J.: 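Okay, here's the structure, questions in a sec.
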Number of protein chains: 2
Amino acid sequence: MATTSRAERPPRRSRAERRADSIRQILDSAEELFAERGFHGVSLKDIAAHAGVHHTLVHYYFDDKNALVDAVFARRAPVSSKRRADALEAYEEACGGTPTVEGALHAFLDSDFELYLEHQEEWKHALALGAQVANTPDWGADIMEKHFDPVVRRLIELLKRALPGCSEADLFWGYHFVTGAFMLTLARTGRIDALSGGVCRSDDLLAAKQRMAEFMAAGFHAIAAQGGEGAASDRSLP
Amino acid sequence: MATTSRAERPPRRSRAERRADSIRQILDSAEELFAERGFHGVSLKDIAAHAGVHHTLVHYYFDDKNALVDAVFARRAPVSSKRRADALEAYEEACGGTPTVEGALHAFLDSDFELYLEHQEEWKHALALGAQVANTPDWGADIMEKHFDPVVRRLIELLKRALPGCSEADLFWGYHFVTGAFMLTLARTGRIDALSGGVCRSDDLLAAKQRMAEFMAAGFHAIAAQGGEGAASDRSLP
DNA sequence: ATTATCTATAGATCTATAGATAATGC
DNA sequence: ATTATCTATAGATCTATAGATAATGC
């Protein structure tokens, strides 16, 4: 409101603050655009324009496009994985030595759902990007392995204890089904909206959360009970 | 073996045959490369080089890149959908008016699994491309809707009859989980191979087929039984 | 003096098209 | 005569870098 002449306007942000700002805006824009269009569908210039910075700044702060996408992941994945590991650990203690499939899946899935439900603005693009990476063969197999496999292995160990008679192959295929359903959910493609004529919405992750763990737990019980029948193709292994 | 001078070599392929050959090779290459790297990850020049044709031929036969990917889909999707529709219809007759979730899912899923298991060379890239499109928000929502939604609606109708007490929202979310797991399976990203230390293989779709329908059917039963509990978020609808 | 940002540009690659050439088929 | 294929090229866009400028902070 007060008339502030341009020359007198005090510097509001320190050098370090401006640096951090630029970096954050580049990472935010990269996260959002990569999540929408994939790695190859976005140019560095698109990202710079979306971030409101000069396009050469992207190269000033990040070596190249690959380093940028790595940095985008490095900012989010450890937070998600840590919360998950904590949730699994808390459940492991709470269950008193007798874990259930339902309990393990709730701990594993709900911590990510809650990131969306409680911090939607901050996390919605990160989760969608994770989903896209998980489903893309060429880029991101390494990323998934590096950032997520350790905590997934912990889930599998819990499931093994909850289903002692279940074969390893059944456990891994069951996890595979879970992650496929989960990643499509986080991707929020909008298809369920059109298909259901508005009965369901892609961005209603509360509805997904309320169904997913129970749905998948029942699936595990079913293939564990089915037992040896599924072993036919396993015999082809050495 | 016989010495055939270049001038005398008889024309082996008619004009129409060569035309069809070129088109097929462009479509095959586009299908394979799009499936591996996504729409934006492949240039028309990459496709022409892979097909062994001059890069301008791609424009001669297809208007532009979008028309090419549409043509790739138009060649496969109706075949897959027709088989599925036939399988669902056959099951509907065979079940004698009392369909089960297991039966409907087997009919729906196994017809695509069998395309892979029985015609692997011809179909493996097409199925992986379908998977990639299904999981990508920006391109392909229309494609999925146009080519696949009619037969999906038929599946939903069957499931509704198999689970008369189940809410519409539960049915659509259940289908959503099925398609997420199914698409990740068809994508064959290789992640389950690394995660399981070789116990499971991405390309062992027989193993997936032997587990998926039973797993998912149990999931439907579980959320149908859970019933009203999941309805909390549905109340937000008009 | 240091460093965040911008100017200018190289060099590669991409989609697309106009027009020439060469092979088929009447 | 028709049409499949190739030559040549336009025009846009992309990643990346060298070097200049301008703002901060000592």
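Everything numeric in this text was worked out from a predicted model, so none of it was measured. Order of the sequence lines sets the chain letters (A, B, ...), proteins ahead of strands, with each chain counted from 1.
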J.: Taking C-beta and beyond as the side chain, do A/L105 and A/M212 meet within less than 4.5 Å on heavy atoms?
T.: no
J.: Is it the case that the side chain of B/R83 and the backbone of B/V79 share a donor-acceptor pair, with hydrogens and angles ignored and the cut-off at 3.5 Å?
T.: no
J.: With salt bridge (Lys or Arg N to Asp or Glu O under 4.0 Å) as the test, would you mind laying out the steps for A/R191 and B/D149 before giving the verdict?
T.: CA-CA 9 Å; A/R191 192 168 172 230; B/D149 278 11; 2.6 Å; yes
J.: For A/D28, enumerate each residue passing the side-chain contact (heavy atoms from CB on, under 4.5 Å) test, keeping only those at least two apart in sequence or located in another chain.
T.: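 side-chain contact (heavy atoms from CB on, under 4.5 Å) list for A/D28, sorted by chain: A/R24, A/R75, A/R76.
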J.: Let me know the distance between NE2 of A/H40 and C1' of C/dT15, rounded to the nearest Å.
T.: 18 Å
J.: How about A/E17 and A/D21: do any of their side-chain heavy atoms sit closer than 4.5 Å?
T.: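 They are not in side-chain contact.
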J.: Under a 4.5 Å cut-off applied to non-hydrogen side-chain atoms, are A/D63 and A/L68 in contact?
T.: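 No, side chains not in contact.
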J.: Would you say that A/Y175 contacts B/S196 through its side chain, given a criterion of any heavy-atom pair below 4.5 Å between the two side chains?
T.: no
J.: Just the dot-bracket of DNA chain C, please: which string comes out with Watson-Crick or G-U pairs under 3.5 Å, [ ] for crossing, | for another strand?
T.: ||||||||||||||||||||||||..
J.: Indicate yes or no: at least one non-hydrogen side-chain atom of B/N135 is less than 4.5 angstrom from one of A/M183.
T.: no
J.: How close or far is atom P of C/dA22 from atom CZ of B/R19, stated in whole angstroms?
T.: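 In whole Å, C/dA22 P lies 21 Å from B/R19 CZ.
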J.: Name the closest nucleotide to the B/R18 side chain, picking from C/dA4, C/dA23, C/dG25.
T.: C/dA23
J.: Going by heavy atoms closer than 4.0 Å, what residues in residues 41-69 of chain A are next to DNA chain C?
T.: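 Going residue by residue through residues 41-69 of chain A, the ones with a heavy atom under 4.0 Å of DNA chain C turn out to be A/H54, A/T56, A/L57, A/Y60, A/Y61.
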J.: Look at the side-chain N and O atoms of B/R15 and state whether any lies under 4.0 Å from the OP1 or OP2 oxygen of D/dA4.
T.: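 Looking at the OP1 and OP2 atoms of D/dA4, neither is under 4.0 Å from any side-chain N or O of B/R15.
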